[in-house]
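In the text below, chain A, chain B and the rest are named by the order of the sequence lines, each starting its count at 1. Predicted model, so just to flag it, every value in this text is computed and none were measured.
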Protein chains: 2
Amino acid sequence: MTPSDTKTWTSETVAGDLERAIHEHRLPPGTKLGEDELGEAYGISRTLVRAALQALSYRRLVELKRNRGAFVAQPTVAEAREVFEARALLEPRTARSAAERMTPEALATLRDHIAAEHTALHAGETGHALFLSGEFHILIAQIADQKTIEDFVSELISRSSLIIALYWRRRAALCESQAHHALIDAFEARDGALAEELMKSHLLDLMASLDLRNLVARPQSLREALGR
Amino acid sequence: MTPSDTKTWTSETVAGDLERAIHEHRLPPGTKLGEDELGEAYGISRTLVRAALQALSYRRLVELKRNRGAFVAQPTVAEAREVFEARALLEPRTARSAAERMTPEALATLRDHIAAEHTALHAGETGHALFLSGEFHILIAQIADQKTIEDFVSELISRSSLIIALYWRRRAALCESQAHHALIDAFEARDGALAEELMKSHLLDLMASLDLRNLVARPQSLREALGR
DNA sequence: GTTCACGATCTTGTATACAATATTGAGCCC
DNA sequence: GGGCTCAATATTGTATACAAGATCGTGAAC
């Protein structure tokens with residue numbers, strides 16, 4: 001993270017940074033994102049902050065409340081269900097397509113990704129591991145080579161991180177390592193049907209780990225969460 | 001359309017108006033959307049224009065080119081395929097869900113919609129008919145009562161209007177009237193499986209009507225297209 | 001006639017100023 | 001102590017000013 005006096009932040013990079021912070025649960029659901037505070041933190045004017053926040057609101061990561069400000073979104077139980085239903089519709093398909101298009105390079109990338117996730121977990125960096133876990137799914141969608149669906153998946157993954165922050169009840173790491181490894185095997189075998197089935201059950205498993213009756217949120221100061 | 005001196009335009013309403021104009025092919029793909037020109041047309045400052053354009057860029061209806069301006073998007077052939085593939089993945093499901101949830105009121109709304117479309121066609125308002133035709137699909141997604149997927153469908157429908165502007169080769173009205181009527185029958189019978197199948201073939205039919213080898217674009221002045 | 005360079009002007013990117021609205025704290029009353 | 005009111009302050013919404021970059025027209029050179 002670059003210090004604020006380096007002045008390299010655009011609205012896009014700020015949005016990306018905030019999204020990362022949200023994804024890694026450094027900015028929990030419900031956190032207020034003040035324009036002035038963010039402007040000071042990043043060393044930019046409110047104009048760019050507002051653009052970044054608008055961008056995040058289109059990804060449903062941030063809720064803009066007129067005259068009241070921007071807040072990290074807090075998906076309802078209904079929204080949680082919807083997001084995972086949408087994932088259940090799209091991701092098995094991307095898994096199948098990815099398997100059919102798999103290359104040694106792509107496979108290596110996926111493996112590196114899992115390794116990085118394990119490393120982060122062992123180092124106690126659960127937020128980073130969470131981010132990488134979600135990125136694994138996005139990588140699959142990228143390999144599937146369908147940008148439109150990839151974009152939807154990307155948004156759903158980001159929103160999932162909020163849902164997980166609010167509703168996750170399983171002690172274990174987010175995605176069962178085994179499930180990702182099984183997917184890797186299906187990809188190596190270029191077995192589209194298997195990849196599709198594995199993704200379906202993986203997502204069912206994820207959804208089963210959500211307690212869609214609880215709601216928790218913990219705001220904290222912005223500077224602290226962004227580490228500046 | 002309210003005259004510009006009434007000062008009721010927000011960035012959201014401007015974005016909605018522009019989206020409507022794009023959808024009805026009054027703003028063709030490739031049209032430059034100048035900030036000052038739009039600000040004058042709507043009687044607002046560039047601040048709100050920029051926000052509206054950013055909103056439209058997130059829906060992929062407008063392409064923002066840094067230092068060069070905003071243009072109505074021109075989907076490539078690849079994008080066209082992707083959009084219809086994504087629709088093929090999502091809309092049969094929404095059709096099924098809609099059928100299972102159908103009420104007499106919702107059915108009446110759909111029927112009214114088709115009637116309005118016919119009226120527009122007979123009046124020679126092809127742009128309006130086109131808009132209503134797309135709205136029919138969005139209505140189905142709304143009845144399906146899954147907001148997340150509905151939002152994706154809405155975006156895909158809007159992008160479809162651009163694709164149709166560029167690649168449509170059939171002389172007939174956009175969606176075959178018969179296909180929409182058959183869907184209505186399936187909805188009336190609350191036959192989810194039939195609705196799903198009908199939607200699948202309807203979308204295949206639509207995609208078959210696109211000539212994904214041609215590219216046409218016709219810019220024109222903004223004031224003219226917006227009728228102000 | 002064609003091409004290139006340069007300057008003027010236009011347009012977009014961003015910061016800042018001003019307007020509008022919400023929040024908070026102090027004081028007063030019951 | 002609790003509730004209400006009001007003013008000060010903070011924050012958001014929007015316009016405007018200034019900076020940066022792109023475009024276009026003109027004149028000179030070939």
Side-chain angles (χ1 to χ4, degrees), chain A residues 2-18 27 30-58 61-74 217 219-226, chain B residues 2-18 27 30-58 61-74 217 219-226:
Chain A
T2 317
S4 68
D5 56 5
T6 312
K7 188 68 195 300
T8 58
W9 295 97
T10 64
S11 65
E12 285 92 358
T13 55
V14 170
D17 199 50
L18 289 174
L27 285 181
T31 308
K32 172 140 194 201
L33 305 174
E35 296 179 358
D36 278 344
E37 199 173 354
L38 285 178
E40 280 164 30
Y42 288 100
I44 54 175
S45 79
R46 282 176 52 223
T47 309
L48 296 192
V49 169
R50 293 175 65 78
L53 292 175
Q54 188 179 358
L56 291 172
S57 82
Y58 285 108
L61 296 183
V62 162
E63 188 180 5
L64 301 180
K65 300 181 183 178
R66 189 175 177 90
N67 293 327
R68 279 166 176 63
F71 301 83
V72 177
Q74 297 178 289
Q220 71 187 76
S221 110
L222 270 184
R223 253 180 212 266
E224 204 175 312
L226 294 178
Chain B
T2 317
S4 69
D5 56 6
T6 312
K7 189 64 195 299
T8 60
W9 295 98
T10 64
S11 66
E12 285 92 357
T13 55
V14 168
D17 200 51
L18 289 174
L27 284 182
T31 310
K32 172 140 194 199
L33 305 174
E35 296 179 0
D36 278 343
E37 198 172 350
L38 285 178
E40 279 164 30
Y42 287 102
I44 54 176
S45 79
R46 282 177 52 222
T47 311
L48 297 190
V49 168
R50 293 177 66 78
L53 292 176
Q54 186 178 2
L56 291 172
S57 81
Y58 285 108
L61 296 181
V62 161
E63 187 180 5
L64 300 180
K65 300 180 184 178
R66 188 173 177 92
N67 293 329
R68 280 166 173 63
F71 301 82
V72 177
Q74 297 178 287
Q220 71 187 76
S221 114
L222 270 183
R223 255 180 208 266
E224 205 174 312
L226 295 177

For D:dA15, take OP1 and OP2 only and decide whether either is under 4.0 Å from a side-chain N or O of A:R50.
no

Does D:dA22 have its OP1 or OP2 closer than 4.0 Å to a side-chain nitrogen or oxygen of B:K32?
no

Heavy atoms from C-beta onward define the side chain here; which of D:dT12, D:dT14, C:dT14 lies closest to that of A:D36?
D:dT12

Please work out which of the three classes, parallel, tilted or perpendicular, describes the rings of B:W9 and B:Y42, given edges at 30° and 60°.
perpendicular

Atom CZ of B:R50 and atom OG of B:S11: how far apart are they, to the nearest 0.5 Å?
12.5 Å

If the condition is side chain to side chain contact (heavy atoms under 4.5 Å, CB included), which residues does A:S45 pass it with, not counting sequence neighbours?
A:T47

Whole-Å distance separating the NZ atom of A:K65 from the P atom of D:dG13
13 Å

Gap separating the CD atom of B:E12 from the CG atom of B:L48, nearest 0.5 angstrom
9.0 Å

Ignoring backbone atoms, establish whether A:S45 has a side-chain N or O less than 4.0 Å from OP1 or OP2 of C:dA15.
yes

Which atoms of nucleotides 17-21 of chain D (N or O only) lie under 3.5 Å from a protein N or O atom, and what are those distances?
residue	atom	partner	partner atom	Å
D:dG21	O3'	B:N67	ND2	3.3

Tell me whether B:E63 contacts the main-chain N or O of B:V72 through its side chain, where contact means a donor paired with an acceptor under 3.5 Å.
no

For a 4.5 angstrom cut-off between non-hydrogen side-chain atoms, does B:D36 reach B:V49?
no

